[in-house]
Structures are given as structure tokens and as C-alpha cells.
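Okay, structure first, notes after.
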Number of protein chains: 2
Amino acid sequence: MPENAETEAKEQPRRRQARGERRIAQLLEAAATVFTTTGYTAASTNAIAREAGVSPGTLYQFFPNKEAIAIELGGRLVHEMQTAYGEALAPVDPATPLEEVVGAAVDRFMAFNCDHPVFFALMHGPDIPGRMAEDHDALHTGLVNRLETLMTSLLPEAPQADVTRTAHMVLGLYKAGLELVLAHEGAEREAYIREVKNVLVRYLDPLVGDRLGRSGSTATP
Amino acid sequence: MPENAETEAKEQPRRRQARGERRIAQLLEAAATVFTTTGYTAASTNAIAREAGVSPGTLYQFFPNKEAIAIELGGRLVHEMQTAYGEALAPVDPATPLEEVVGAAVDRFMAFNCDHPVFFALMHGPDIPGRMAEDHDALHTGLVNRLETLMTSLLPEAPQADVTRTAHMVLGLYKAGLELVLAHEGAEREAYIREVKNVLVRYLDPLVGDRLGRSGSTATP
DNA sequence: TGGAAACGCGAGCGATCTCTCGTGTTTTCC
DNA sequence: GGAAAACACGAGAGATCGCTCGCGTTTCCA
């Protein structure tokens with residue numbers, strides 16, 4: 001390594017031109033479609049470059065390796081997602097009906113995931129790279145924590161282990177519903193979204209339904 | 001079927017010795033552990049052979065290619081599974097409480113899947129080979145059909161599309177729960193199994209609860 | 001306007017994986 | 001006992017994929 005006395009920083013910020021930024025966006029978009037259709041491991045960097053209409057060498061001008069593409073793509077989506085669930089899972093007025101809370105949250109997340117199907121493909125595959133799994137875990141535990149605090153505020157007397165377990169269940173159920181939702185379109189997709197809400201409401205209703213002595217299971221019309 | 005498979009000329013029936021059958025079982029067991037830990041695509045045939053303590057050449061003495069290993073392994077599991085759910089989802093006395101029906105079915109399937117974790121790995125990965133996907137779809141639609149007939153017998157007046165959708169939901173919810181169950185052990189695993197039952201019972205109860213005027217936990221007009 | 005740096009190309013290197021082949025060993029059957 | 005068939009081995013052929021390298025082109029800036 002006969003390089004200069006510059007501080008050996010891991011990141012040597014390369015000055016990008018507008019052309020480069022455009023190429024990066026192009027490549028990430030191409031990677032999203034290839035990842036969505038074939039999954040991460042099966043997606044070849046040459047295929048991503050071909051999809052973007054550039055040469056393999058050009059791809060490696062902007063990304064050091066295949067993993068970095070998924071990292072960058074996932075990072076941007078996680079950032080978007082966090083702002084989305086920051087609003088969707090914000091502390092809620094305890095008087096709000098459960099249907100409303102669940103319905104609003106599910107609508108938000110479903111809209112996001114339907115707009116960015118690659119997110120599900122990247123987060124769900126068993127073949128995600130190491131650094132990617134960290135991001136996934138971070139997002140996952142972040143969501144679980146939000147759910148936990150939300151539920152603890154509604155059920156202060158419930159054991160912590162039960163709250164955690166229920167939070168994991170809720171997330172797992174949502175993921176299962178998401179898979180079915182993404183597999184359908186139009187009216188059928190809407191119907192599945194309604195079913196996901198039904199599942200979550202009916203699962204959570206007996207837990208939070210009789211807080212404060214309110215025994216009603218479903219709001220009687 | 002001793003030796004009369006000659007109607008299909010494609011297969012030249014190779015006469016197996018007891019040693020060969022033992023090797024096949026050995027190889028399938030090794031493949032199960034490798035598939036479970038690394039997934040299908042990431043599992044190398046050399047790794048399977050090494051796990052079984054034989055050479056790569058020996059492996060290909062019994063299986064024409066990597067896919068055939070998964071096919072054979074999956075086929076045997078599907079066969080076992082079908083006898084299992086043939087009993088678990090048998091036509092049920094309409095008077096049986098929902099909790100019992102769901103509880104018994106979930107217990108059976110969970111026991112099977114916990115005994116054979118490779119089944120989940122093979123059926124859930126996005127990287128399954130073509131022929132394998134057919135088996136998966138066959139089992140999947142078989143299960144959905146069973147659920148549909150079971151539910152139609154309880155809800156004769158429900159639209160077919162709703163029944164189908166609910167059946168898919170039930171299967172998806174079970175899969176989501178299975179993933180969580182497999183990720184835990186001991187008492188926590190048992191707790192998750194209970195939660196899966198809770199989810200399914202609470203989801204289905206409003207649908208079948210008020211058949212024949214029997215008012216379940218919830219009574220919706 | 002000229003030089004440096006960013007951009008772009010595509011053949012191909014090295015690693016890895018599936019599967020084959022030639023050879024030697026064990027089992028079966030007459 | 002001996003031939004044929006099944007079993008076993010492991011080096012390596014053939015293919016794929018991630019990634020590199022040398023060189024030509026475009027853009028930026030003094």
C-alpha cells in the first residue's frame with residue numbers, strides 16, 4: 001500500500017458528477033427489479049448491469065460489491081420505512097377504537113410494501129448477506145419495540161414476556177398477510193387487506209378489549 | 001413395486017443392494033441437515049456428500065442431480081404429511097367446539113414440522129427448483145381444498161370466493177406461526193403454539209360461531 | 001484550453017459449484 | 001470360483017459468477 005499520508009479513512013469520498021448520481025439511481029432501480037424477480041443470491045451483478053443498460057465494469061464504478069447494492073437499496077427503503085412507521089405507530093389515544101388503530105397502521109404499511117415489493121423480497125429471503133441481516137434485525141426489533149411500548153401502555157399489568165411474544169406474533173401475522181396481499185391485485189388484494197385487519201383486530205381484541213373494564217369485544221353498530 | 005416399472009422406458013430400473021438403500025437413507029438424512037442449515041441453493045452437493053461421509057461420485061451413483069435429492073426428500077415428507085393431515089383435517093362433527101378442531105389440527109402439524117424442520121426450509125425458500133415447486137403447490141392446494149370443504153360444510157351460505165380466501169389466510173397464518181415456533185424451544189415454543197391456536201380460533205370464531213344460532217364469544221348481527 | 005478526474009467499456013481472472021469418468025472394490029448369482 | 005453388476009472413490013472438466021484491469025471518453029475547473 002504505497003499511498004499517501006492521508007488519514008486512512010474507510011471512505012474516500014469520491015466526487016460524483018450528476019451523471020454518476022443518475023447512474024446510481026438507474027442501477028438501484030434495476031437491482032430492485034432483478035432482486036424482486038429472482039431474489040438476492042440468484043441475482044447476478046451482470047444481470048443488474050444489463051437491466052440498467054450498462055457494463056459490469058460501470059456497475060463496479062459505483063458499488064464495491066454486490067452486497068453494497070443491496071445495502072444501499074435496503075438502507076434507503078429502511079429510511080423511508082422508518083418515517084412511515086414513525087407516524088403509523090405513534091403513541092395513540094387509549095380511547096381510540098382498536099379497529100381504527102390497526103386499520104390505519106395496516107393501511108400505511110401495506111401501501112408502502114405494495115409500492116416497494118423489493119423490500120419484502122430483500123427482507124424475507126433466507127439468502128440475505130450479513131450486513132443486510134443487521135439492518136433487517138434493527139428494523140425488526142425497532143418495530144417490535146414500538147409494538148411493545150404501544151401494548152404495554154394499554155396493558156400495564158401484562159407480563160413483559162407475553163407482551164414481547166404478542167408483538168412478535170403481530171409482526172409475523174402481518175408478514176404472512178403481506179405475502180398474500182402481494183400475490184393478488186385489485187379487488188382481491190383489497191379483500192386480503194381487510195382480512196389482515198380482521199385477523200389482527202380479532203387477535204388483539206380480547207387482550208385490550210377489557211382494559212378499564214370495557215368488556216365489549218366488537219363495537220356494536 | 002418389485003420390478004415391473006418397465007412400462008416407462010425412460011427409467012432403467014437399477015437393482016439396488018441393501019448397501020445402496022442404506023446409502024440413500026444416509027444421503028437423504030445428510031441432505032436434510034444441510035438444507036435446513038443453509039437452504040437449498042446454498043447447499044452444495046459436495047457438502048451433502050461430506051456430511052454423509054461419502055465421496056461426490058458416490059452421491060451421483062444414487063441421484064442424477066441435486067434437484068433429485070430435494071425431490072426425493074420432499075416427496076417422502078409430503079407422503080408422510082399427507083397421511084398426517086388426512087387424519088388432522090378429516091371431516092369433523094359440526095358440534096365439536098372450534099377450539100378443539102383448531103387445537104388438534106395445529107398440534108398435529110406443529111409436531112410434524114418440528115420433527116422435520118427441513119420441510120419448512122424446502123417449502124419456504126424462494127430458491128426451490130422447478131419440480132419442487134410443483135410438489136409444493138400440490139400440497140398447498142390440497143390443504144386449501146381440505147380447508148375449503150371443511151369450511152363450506154360449516155358455512156354453506158358463504159360465497160365461494162370468501163371461503164377460498166379464508167382458507168389461504170388460515171394456511172398463511174399457520175406458516176407465520178410455524179416460523180416463530182421453530183425459532184424457539186421448550187416452554188417458549190409451547191407458548192407460541194398456544195398463540196397460534198389463539199390467532200386461528202379468534203379469526204375463525206366470528207365466522208362459524210353463530211352457525212345454528214350458537215352464540216360464540218362474539219355475537220354480531 | 002489543457003490536464004486531471006470521473007465515467008464507461010468488456011474481455012477475462014480466479015473461485016466455486018455441479019456433475020462426469022476412469023478405475024478399483026464389494027456383492028450377487030450361476 | 002468367476003463373471004457381471006452394483007458400489008465407491010476423487011480428480012477434474014465444464015459452466016457460472018463476482019469482480020478486476022487496461023484503456024478510451026466525457027466532464028469539470030483553473
Side-chain angles (χ1 to χ4, degrees), chain A residues 1 3-4 6 11-28 30-31 34-35 37-73 125 127-132, chain B residues 2-3 5-6 11-28 30-31 34-35 37-73 125 127-132:
Chain A
M1 272 189 190
E3 254 323 296
N4 51 19
E6 193 76 40
E11 273 304 311
Q12 183 171 349
R14 187 169 181 171
R15 187 148 177 300
R16 304 247 89 115
Q17 304 177 352
R19 197 177 20 155
E21 299 289 352
R22 243 181 291 130
R23 278 269 181 267
I24 290 178
Q26 210 174 108
L27 285 163
L28 287 178
V34 176
F35 286 154
T37 56
T38 71
Y40 174 76
T41 38
S44 82
T45 55
N46 289 15
I48 295 174
R50 200 180 322 119
E51 173 77 23
V54 302
S55 84
T58 297
L59 186 152
Y60 283 91
Q61 191 97 190
F62 302 101
F63 298 100
N65 50 47
K66 177 175 159 181
E67 183 176 346
I69 305 173
I71 300 291
E72 178 66 25
L73 187 56
D127 48 356
I128 47 181
R131 175 67 165 65
M132 193 79 191
Chain B
E3 56 204 334
E6 302 75 324
E11 280 297 319
Q12 65 167 11
R14 188 166 180 170
R15 193 156 170 290
R16 295 267 170 238
Q17 304 178 352
R19 193 175 25 153
E21 300 288 352
R22 241 181 293 128
R23 279 270 180 265
I24 289 178
Q26 210 173 105
L27 284 163
L28 287 177
V34 176
F35 286 153
T37 55
T38 71
Y40 174 77
T41 38
S44 82
T45 55
N46 287 15
I48 295 174
R50 200 181 320 120
E51 173 76 23
V54 301
S55 84
T58 298
L59 186 151
Y60 283 91
Q61 192 96 191
F62 301 101
F63 299 100
N65 49 49
K66 177 175 161 182
E67 182 176 347
I69 305 173
I71 299 290
E72 177 66 24
L73 186 57
D127 48 358
I128 48 182
R131 175 69 165 64
M132 194 76 192

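Chain identifiers are assigned alphabetically (A, B, ...) following the order of the sequence lines, protein sequences preceding nucleic acid strands; residue numbering begins at 1 within each chain. Values reported hereafter were calculated over all heavy atoms of this structure, with side chains retained and with hydrogens, waters and symmetry mates removed.
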What pairs of nitrogen or oxygen atoms, one from the protein and one from nucleotides 9-13 of chain D, lie under 3.5 Å apart?
residue	atom	partner	partner atom	Å
D:dC9	OP2	B:S55	N	3.0
D:dC9	OP2	B:T58	OG1	2.9
D:dG10	N7	B:S55	OG	3.4

How long is the line joining [atom1] of [X] and [atom2] of [N], in whole Å?
X	N	atom1	atom2	result
A:R16	C:dG8	CZ	C1'	12 Å
B:I69	C:dC17	CD1	C1'	13 Å
B:R14	D:dC7	CZ	C1'	8 Å
A:F63	D:dT20	CZ	P	15 Å
A:R50	D:dT16	CZ	C1'	12 Å
B:K66	D:dT16	NZ	P	15 Å
B:L59	C:dC21	CG	C1'	16 Å
A:I48	C:dG10	CD1	C1'	18 Å

What contact category does B:A68 fall into here, base, sugar-phosphate, or nothing, at under 4.0 angstrom with non-hydrogen atoms?
nothing
When all nucleic acid strands are considered with a 4.0 Å heavy-atom cut-off, which category describes B:A49: base, sugar-phosphate, or nothing?
nothing
Would you say a side-chain N or O of A:Y60 is under 4.0 Å from OP1 or OP2 of D:dT20?
no
Does OP1 or OP2 of D:dC19 have a side-chain N or O of A:T45 closer than 4.0 Å?
no
Using the test side-chain contact (heavy atoms from CB on, under 4.5 Å), find all partners of [X] that sit at least two apart in sequence or belong to another chain.
X	result
B:R131	B:E67, B:I71, B:E134, B:D135
A:T37	none
A:Q61	A:R14

Smallest heavy-atom separation, A:Y60 atom then A:T45 atom, equals OH-CG2, 3.2 Å
Specify the closest pair of heavy atoms between A:I48 and A:I69, including all atoms of both residues, with the distance to one decimal.
CD1-CD1, 4.4 Å
Between protein and nucleic acid, restricted to nucleotides 25-30 of chain C and to nitrogen or oxygen atoms under 3.5 Å apart, what atom pairs and distances do you find?
residue	atom	partner	partner atom	Å
C:dC29	OP1	B:R15	NH2	2.5

The side-chain hydrogen bond (donor to acceptor under 3.5 Å, both in side chains) partners of A:R19 (sequence neighbours excluded) come to A:Q17
With sequence neighbours left out, the residues meeting side-chain hydrogen bond (donor to acceptor under 3.5 Å, both in side chains) with A:E72 are A:R76
Any side-chain heavy-atom pair from B:N46 and B:L59 closer than 4.5 angstrom?
no
Selection residues 48-58 of chain B - residue pairs positive for side-chain hydrogen bond (donor to acceptor under 3.5 Å, both in side chains), sequence neighbours left out
B:S55-B:T58
